[in-house]
There are 2 protein chains.
Amino acid sequence: MPRSGRLRADAARNRTALLRAVEELLAHHHPAQISMDLVATTAGVGKGTVFHRFGSRDGLMLALVQERAHDLGVAIADGPPPLGPGAPPRARLLAFLSAVVDLVSRNKGLLAALGPAIAAPSDQGPREAHPVYRTWHGHIAGLAGQERPDLDTDMLAHVLLASVHSEPILEALARGEGERLDRTLRDLVTALLPDGAASHTKAESRHP
Amino acid sequence: MPRSGRLRADAARNRTALLRAVEELLAHHHPAQISMDLVATTAGVGKGTVFHRFGSRDGLMLALVQERAHDLGVAIADGPPPLGPGAPPRARLLAFLSAVVDLVSRNKGLLAALGPAIAAPSDQGPREAHPVYRTWHGHIAGLAGQERPDLDTDMLAHVLLASVHSEPILEALARGEGERLDRTLRDLVTALLPDGAASHTKAESRHP
DNA sequence: CATTAAACTGACCAGCAGTCCAGTTGCTGC
DNA sequence: GCAGCAACTGGACTGCTGGTCAGTTTAATG
């Protein structure tokens, strides 16, 4: 898997063709029955090309997820409130969770693709969660920690994110019931971070 | 996969040998690298026997999970409070969540085994969640609904259960950090179901 | 247009879940 | 006790998968 320098014209074309192919296949088939051969054929390239570019099945899925998550990443870093900086943590958190639910809802297969990729390739030691998960997790934990530094916000963030990995919930999302999940997460967060929870308006978070 | 009538002596012996084998393999290896061939060899039987008894890889995993979950199932149906009937819903819910976290913690691979089995074998329509998940989900939703019938407790139960399916959380559990998860779930539930939440002591839940 | 490194390809490999059936074995009625 | 049979057993076999590689093509550069 070549480093991300400038891609040759044909390479770039094939790269996007492959991502588009996965995207489409994921919309109509369950991830488990999408073979790399099928992806390659759909994209109109040889199978070797897939592995030359993405290294592995997980690499391909990861690339797709990163592409889809890119906009949201920009929005929380630089965008306008309440998603971006400026709004109070609780509002930002609620906005972020809504955005994630929305993102996942609109892309049925997105997290189904992410799921396997977040798991172990083999049984090496500590395992690295992939960048998208890390970013989302850090964002949630950070915001929650500003309002409730007394909680284990690290674990809390994992719990909240877990909901978009669960099969039954992904099914519900596929059925268009994203609103229900959004509402439930909202209820949870508002119950946990009541309106004036922060001890200081200008939050001074403690980093343990 | 034969119906669950009385098993012949040798069949019963092989059945438990196979379950023990999976159990042990799951303790030392990642689920993805446990082949049915390996399971059969470890148990000292032929591969055909595995499929004759359990039908499929998922069937085998499911059987193991059911065995492990059996005691808990009995405890919530007939056992003493707070796990069993008799205690107020909130206390039962907290006790149940602790028990689940405990169960999963003590069996690293248990939910890792359950994970794939809960997913789609192919892309048939509605998909059946397996019995253990259904039971757990129904229990949580029922208890929560008694205290807060205004909430979408069905979705809430999915969200709470999702935490024991998440890879990062399973890792944490494997590292012995079950207490952290237990605490976090506790915080969530107590925030959501405050002490005297139920409008009626004898709850009358609404089934949508 | 010549050169070169990058990119492409599809035959190939090892390993997997699941099938199949010929041979074996525990059970049951007599 | 034993005969007969259904249930059980095992391991060779199949079809498919993710991943590899040596040989070929092609975009970029001066």
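To find a chain, count down the sequence lines: A is the first, B the second, and so on, and within it residues start at 1. Bear in mind that the values here come from a model prediction, so they are computed numbers and not experimental data.
- Comparing B/Asp10 and B/Thr49, the nucleotide of DNA chain C nearest to each residue sits closer to the 5' end for B/Thr49.
- In this structure, the side chains of A/Val132 and A/Leu62 stay at 4.5 Å or more apart for every pair of heavy atoms.
- Remark: P of D/dG18 and CG of A/Leu18 are 14 Å apart, rounded to the nearest angstrom.
- A/Val189 pairs in a side chain to side chain contact (heavy atoms under 4.5 Å, CB included) with only one of the listed residues (A/Leu93, A/Ile140, A/Leu156, A/Thr184), which is A/Leu93.
- Between C/dC8 and A/Asn14, a contact under 4.0 Å exists linking OP1 or OP2 to a side-chain N or O.
- Here the closest non-hydrogen pair linking A/Pro81 and A/Gly86 is CG-CA, 4.2 Å.
- Distance CZ (A/Arg13) to C1' (D/dT26): 10 Å, rounded to an integer number of Å.
- Side-chain atoms of B/Ala11 lie closest to D/dC8 of the nucleotides C/dA7, D/dC8, D/dG18.
- Checked by distance alone, A/Arg8 brings no side-chain donor or acceptor within 3.5 Å of a matching partner on the base of D/dA28.
- Remark: A/Ile34 pairs with A/Leu25, A/Leu26, A/His29, A/Val39 by the side-chain contact (heavy atoms from CB on, under 4.5 Å) rule, at least two apart or across chains.
- Rounded to an integer number of Å, the gap from B/Phe51 CZ to D/dG11 P is 15 Å.
- Of the options B/Val45, B/Asp10, B/Val50, B/Leu7, a side chain to side chain contact (heavy atoms under 4.5 Å, CB included) to B/Arg15 is made by B/Leu7 and by none of the others.
- Phosphate contact (OP1/OP2 of C/dA7, side-chain N/O of A/Arg53, threshold under 4.0 Å): present.
- When each of A/Gly48 and A/Met36 is assigned the nucleotide of DNA chain D with its nearest heavy atom, A/Met36 is the one assigned upstream, toward the 5' end.
- Here B/His52 reaches the OP1 or OP2 of D/dC8: one of its side-chain N or O atoms lies under 4.0 Å away.
- One interatomic measurement links the two molecules: CG of A/Leu60 to P of D/dT17, which rounds to 15 Å at whole-angstrom precision.
- In the set C/dG18, C/dC27, D/dG18, C/dG18 carries the atom at the smallest distance from any side-chain atom of B/Lys47.
- We find that CD1 of B/Ile34 is positioned 17 Å from P of C/dG15, with the value rounded to whole Å.
- Distance A/His30 NE2 to D/dT17 P: 15 Å, rounded to the nearest Å.
- Counting to the nearest Å, the C1' atom of D/dA27 and the CZ atom of A/Arg15 are 19 Å from each other.
- The side chain of A/Ala9 lies closest to D/dA28 when the candidates are C/dG18, D/dT17, D/dA28.
- Between the CG atom of B/Leu38 and the C1' atom of D/dG11 there is a distance of 16 Å, rounded to whole Å.
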